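Quick notes on the structure that follows.
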Amino acid sequence: MNPLKRLGRRRASVLSLLAVGALVTPVAATAAPDAVRASTLGAQAAQSGRYFGTAVAAGRLGDGTYTGILDREFNSVTPENEMKWDATEPSRGQFTFGAADQIANRAQARGQRLRGHTLVWHSQLPGWVSSIRDANTLRGVMNNHITTVMNRYKGRIHSWDVVNEAFADGGSGQHRPSVFQNLLGDGFIEQAFRTARSADPAAKLCYNDYNIENWSDAKTQGVYRMVRDFKARGVPIDCVGLQAHFGTGGPPSNFQTTLSNFAALGVDVQITELDIAQASPTAYANTVRACMNVARCTGITVWGIRDSDSWRATENPLLFDRGGNKKPAYNAVLTALGGTPAAPAARPPTANRGTPAAPRGATDAAALPSRYSWSSSGTLIAPKPDATHNIAGIKDPTVVQYNGKYHVFASVASSSGYNLVYLNFTDWSQAGSATHHYLDRTAIGSGYRAAPQVFYHAQQRLWYLVYQTSNASFSTNPDISNPNGWSAPRNFYASMPDIIRQNIGNGHWVDMWVICDSANCYLFSSDDNGHLYRSQTAAGQFPNGFTNTVIAAQDSKYALFEASNVYKVHGTNQYLLLVEAIGSDGRRYFRSWTSGSLAGSWTPLAASESNPFARANNVTFPSGAWTRDISHGEMIRAGYDQTLTIPSCRLQYLYQGMNPNAGGDYNLLPWRLGLLTQTNSTC
Ligand code: 9MR
C-alpha cells in the first residue's frame with residue numbers, strides 16, 4: 001500500500017476519474033459469501049469453517065492409494081497410535097517421536113491440521129507407568145509426559161486429546177478405575193488439563209470419550225458435569241471430543257442435543273473418531289448434519305480412510321472401500337457438508353460392484369487455470385472506530401486459518417496516518433462482529449505501520465507479522481490470538497537496498513512479502529514504479545541476512561504497481577505471483593504469473609485487463625456491486641506456515657474494495673474488506 005506522504009499526487013494523477021466529494025454511503029455487512037460447492041470433504045467442510053479429518057497410521061504412508069485419498073480429501077490428521085504414551089515414552093524419560101514426527105511433518109507440509117491423540121489414557125500405557133504405586137511419582141511422571149510431548153509439537157497442534165476415556169461405561173457416571181484414578185483421585189483430569197495449558201497455550205484442550213453421544217446416558221451426564229464444573233472453576237478446557245464409534249444405526253436421535261448441550265457450556269465439540277458399522281449413508285448423513293447444525297461443532301474426523309485401514313475392518317465402517325473407491329456413505333457425507341458429489345461413473349457393461357466413482361475432483365493438485373471468474377461477498381469487514389482511533393478505511397488484509405479461526409490483520413487508515421488492526425472469527429458470517437484490536441497499543445507501537453503479512457515459522461515456532469514502515473519490518477509472537485504478544489518492530493534491512501534506490505524514481509518502497517522454500521526465504525517488495533524486487537537469505541538464517549536484491553519482474557508503472565502476493569500451489573511445483581495494477585479506468589485489479597521456482601522468472605497466467613486474475617470485469621456481485629476496485633489483499637491459504645501454500649482449486653481471496661462514488665483525501669477513502677470465491681474451478 002502507498003505511504004501517507006504521496007497522497008496529493010496520487011489523487012491527481014491516478015484517481016482523477018473518481019467523482020470527488022460524492023457522499024460516502026456505508027455499505028452494510030452481509031452474511032457469508034455465496035459458497036461454491038466443493039467436491040472433496042475437507043474443502044467442503046472448510047466452507048463452513050470446519051475441518052474434515054482422518055486418523056492416519058504412519059505405517060501406511062508408503063501406500064500411494066492411501067496418501068492419494070488422504071491428501072485429496074482431508075484437511076486434518078490425527079495420528080492413530082503414534083502419539084500415544086506407549087509410542088512416545090516406552091520407558092521412563094526415553095521419548096521416541098519418529099513415527100509421530102513423520103505424520104506431523106507430512107501433514108504440516110500439506111497444510112493439514114493436526115489433532116494430538118492422546119496424552120493421558122489408561123490404555124496403550126506402558127507397563128512401567130501402570131506399575132507405579134506412589135502418587136507423587138505418578139504425578140511427576142504424568143506432568144512430565146504431557147509437557148514433553150506437547151513441547152515437541154508446540155504451536156503445531158490444533159487440538160489435543162489431553163485425557164481420553166476416563167469415564168466408566170454403564171450407569172455410574174463416575175470415572176473408571178485406572179492407575180491415574182487410583183493413585184491421584186478425581187483431580188487427575190484437572191491436573192492434566194492445567195499442565196497441558198501451560199505446555200502449549202495455543203492448542204485447544206479436549207476431553208475425548210466414546211459412548212457419550214446419547215444425551216440420556218449416565219456416562220454422557222458424568223462428562224457433562226465435569227465440563228460444567230471445569231468451566232465454572234476456570235479449569236482450562238476448550239473442547240469435548242465425541243468419538244462416535246457407532247453401530248449400524250448410526251447416532252442416537254438426540255445426538256445433536258448432546259452436541260449443543262456441551263457447546264452451551266462454552267466449549268467446542270468435535271466428532272473425533274467416526275466410524276459406523278456397515279457405513280449406512282443415512283447414518284453418516286445424520287451424524288454430519290448434527291454437527292453442521294451446531295455452530296461450535298468445529299470438525300469431524302473419521303477413524304481411518306479405507307475399510308481395510310479400520311480397527312473394525314470386518315464391519316466395513318468407513319467412507320472408502322478396500323480399493324480406495326468412494327462408498328455411498330462418502331457421497332452422503334459430502335452432500336451433508338453442503339457439497340456436490342461427482343456424477344457416478346458410467347458402469348461397465350458387466351456388473352462390477354467395485355466401480356470407482358468418476359475421477360472428477362480426483363486431485364487437488366491440478367495446475368492453475370489461465371482464466372478466472374469470481375463471485376464476491378458484500379462488505380464483510382468495516383472499520384470500527386473507537387475513542388482514540390478515528391478510522392476511515394480498513395485495508396491490505398492478511399489472513400490465516402489457525403485453530404478453527406480466521407485471523408486477519410489489516411492496515412487502518414485515518415487522518416493521522418496508518419497503523420495495524422487484528423481480529424479473529426470462526427466463519428465469515430461473524431467477521432463483521434469481531435472485536436478490532438488496535439496494535440498501536442502493543443509493542444508494535446504507534447507511527448507508520450502498514451500492509452501486514454502474517455505466517456507461522458514452523459521451525460522457530462513463532463508467528464511473524466511482516467509490515468512496511470519506512471523499512472521492511474517485522475514483529476514476532478508465540479500466540480497469534482494474543483494481540484499483546486507481538487514484539488517491537490525490527491527491520492529486515494539496514495537501509496533501502498541500492499538497486500531499489502536506483503530504480504524507485506518517484507515511487508515508494510512498499511508491500512513487503514516473505515515466502516520460504518526448504519532452502520531459502522525470499523522477501524519481495526514493490527516500488528510503485530513498475531518494479532518487483534526480491535531479496536533472499538538461507539532458510540536457517542531467517543529473519544536475518546536478506547541480501548542479493550534483484551528485480552524479479554518489471555513493467556510500466558501502473559501495470560506492475562504494488563501489493564504483490566507470492567504463493568506455493570499445493571501439490572504442484574508451481575508458484576503463483578499476483579501483483580496489483582491500475583487499469584485504464586483508474587481502478588485497481590490483479591494480474592497473475594507462475595514460476596517453477598521462487599527465484600525463477602515469471603510467466604504470465606491471467607495478466608491482462610481483458611483476462612485479469614481478478615478485476616471488476618470477472619467478478620459478479622450477487623449481493624450488490626459495492627466496489628469497482630479489486631485491491632490489495634490475500635489468498636485464503638491451505639496452511640499457515642512460511643511456505644504460504646494455497647489450494648489449486650476453489651480459490652478464495654480477501655480483498656479491499658470501496659464505494660465507487662467515494663472520493664476526497666486518499667487517507668480517508670472508505671476501504672472495506674470483502675471475499676472473492678472462484679466460480680470456475682474445475683476440480
Ligand atoms: O485405532 C486404534 C487401533 O489401531 C489400536 O490398536 C487401538 C488400541 O487401543 O486404538 C485404536 O484407536 C482407539 C483410540 O485411540 C481411542 N478410542 C478408541 C479407538 C478404537 O479402539
Side-chain angles (χ1 to χ4, degrees), residues 53-63 66 70 74 76-90 99-100 102-104 107 114-127 129-130 145-146 149 153 157-170 175-181 189 192 205-214 217 219-220 222-223 239-248 250-251 269-279 287 299-320 322:
T54 180
V56 165
R60 296 185 199 274
L61 292 175
D63 173 342
Y66 182 86
L70 168 61
F74 299 100
S76 174
V77 158
T78 308
E80 187 173 2
N81 290 298
E82 294 75 359
M83 287 188 179
K84 292 173 181 174
W85 200 314
D86 60 353
T88 52
E89 195 185 5
Q102 206 188 334
I103 295 177
L114 269 169
R115 292 197 82 263
H117 177 78
T118 174
L119 295 163
V120 179
W121 187 24
H122 65 276
S123 181
Q124 288 179 277
L125 188 65
V129 184
S130 33
H145 181 78
I146 294 171
V149 177
Y153 300 104
I157 301 276
H158 174 268
S159 305
W160 261 113
D161 291 333
V162 178
V163 176
N164 195 40
E165 302 176 6
F167 277 72
D169 294 318
H175 296 176
R176 72 167 71 235
S178 71
V179 68
F180 303 107
Q181 178 70 27
I189 304 183
L205 306 182
C206 307
Y207 175 78
N208 190 51
D209 214 329
Y210 63 91
N211 283 355
I212 58 166
E213 294 83 11
N214 188 327
D217 285 353
K219 190 171 173 182
T220 311
V223 174
C239 55
V240 173
L242 299 97
Q243 294 184 6
H245 294 294
F246 291 133
T248 48
V269 287
Q270 301 173 357
I271 296 174
T272 50
E273 303 181 15
L274 177 61
D275 49 20
I276 304 180
Q278 307 313 333
T287 310
I300 299 174
T301 298
V302 287
W303 206 239
I305 296 179
R306 301 161 300 194
D307 287 333
S308 48
D309 302 318
S310 170
W311 67 298
R312 47 197 300 212
T314 55
E315 296 175 286
N316 299 318
L318 294 175
L319 301 178
F320 295 87
R322 276 145 218 270

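We use all heavy atoms of the structure for the numbers below, so side chains are in, but hydrogens, waters and symmetry mates are not. Every number for a ligand or one of its atoms is a count from 1 in the order of the listing. Note that the coordinates shown come from a computational prediction; the quantities given were computed from them, not determined experimentally.
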- Task: Answer yes or no: is there a donor N or O on one side and an acceptor on the other, between the side chain of D63 and the main chain of Y66, under 3.5 Å?
- Result: yes
- Could you check atom 16 (C) of ligand 1 against the protein and tell me its nearest heavy-atom contact, residue, atom and distance included? E165 OE2, 3.2 Å
- Task: Can you pull out the closest protein heavy atom to atom 1 (O) of ligand 1? Residue, atom name and distance to 0.1 Å, please.
- Result: E80 OE2, 2.4 Å
- What do we get for N208 next to ligand 1 when only non-hydrogen atoms under 4.0 Å count, side chain, backbone, both or neither? neither
- Message: Which residue and atom name correspond to the protein heavy atom nearest atom 10 (O) of ligand 1, and how close is it?
- Response: K84 NZ, 3.1 Å
- Task: Taking only heavy atoms of Q124 into account, list the atoms of ligand 1 that are under 4.0 Å away from them.
- Result: 7 (C), 8 (C), 9 (O), 10 (O)
- Could you list which atoms of ligand 1 come closer than 4.0 Å to a heavy atom of N164? 16 (C)
- N or O contact, H117 vs ligand 1, cut-off under 3.5 Å: yes
- Item | Spatial distance of atom CG (N81) from atom CD (Q124) [nearest 0.5 Å] | 4.5 Å
- Residue and atom name of the nearest protein heavy atom (relative to atom 12 (O) of ligand 1), distance in Å to one decimal: W303 NE1, 3.2 Å
- Rounded to the nearest 0.5 Å, how far does OG of S310 lie from CD of E80? 8.0 Å
- Task: State whether the side chain of H245 and the backbone N or O of E273 hold a donor-acceptor pair below 3.5 Å, judged by distance alone.
- Result: yes
- Message: Any side-chain to backbone donor/acceptor pair from K219 onto Y210? Under 3.5 Å, distance only.
- Response: yes
- Item | Heavy atom of the protein closest to atom 6 (O) of ligand 1 (residue, atom name, distance) | N81 OD1, 4.3 Å
- Can you sort out which atoms of ligand 1 are near H245, meaning under 4.0 Å from one of its heavy atoms? 18 (C), 19 (C)
- Got a donor-acceptor contact below 3.5 angstrom from the E213 side chain to the N211 backbone? yes
- Message: Evaluate E273 for polar contact with ligand 1, using N/O atom pairs at a separation under 3.5 Å.
- Response: yes
- Task: Could you tell me whether D209 and R176 have a side-chain N and a carboxylate O separated by less than 4.0 Å?
- Result: no
- Message: Please check this pair: side chain of D307 against backbone of R322, looking for a donor-acceptor N/O pair closer than 3.5 Å.
- Response: no
- With heavy atoms and a 4.0 Å threshold, my read on which part of Y210 contacts ligand 1 is neither
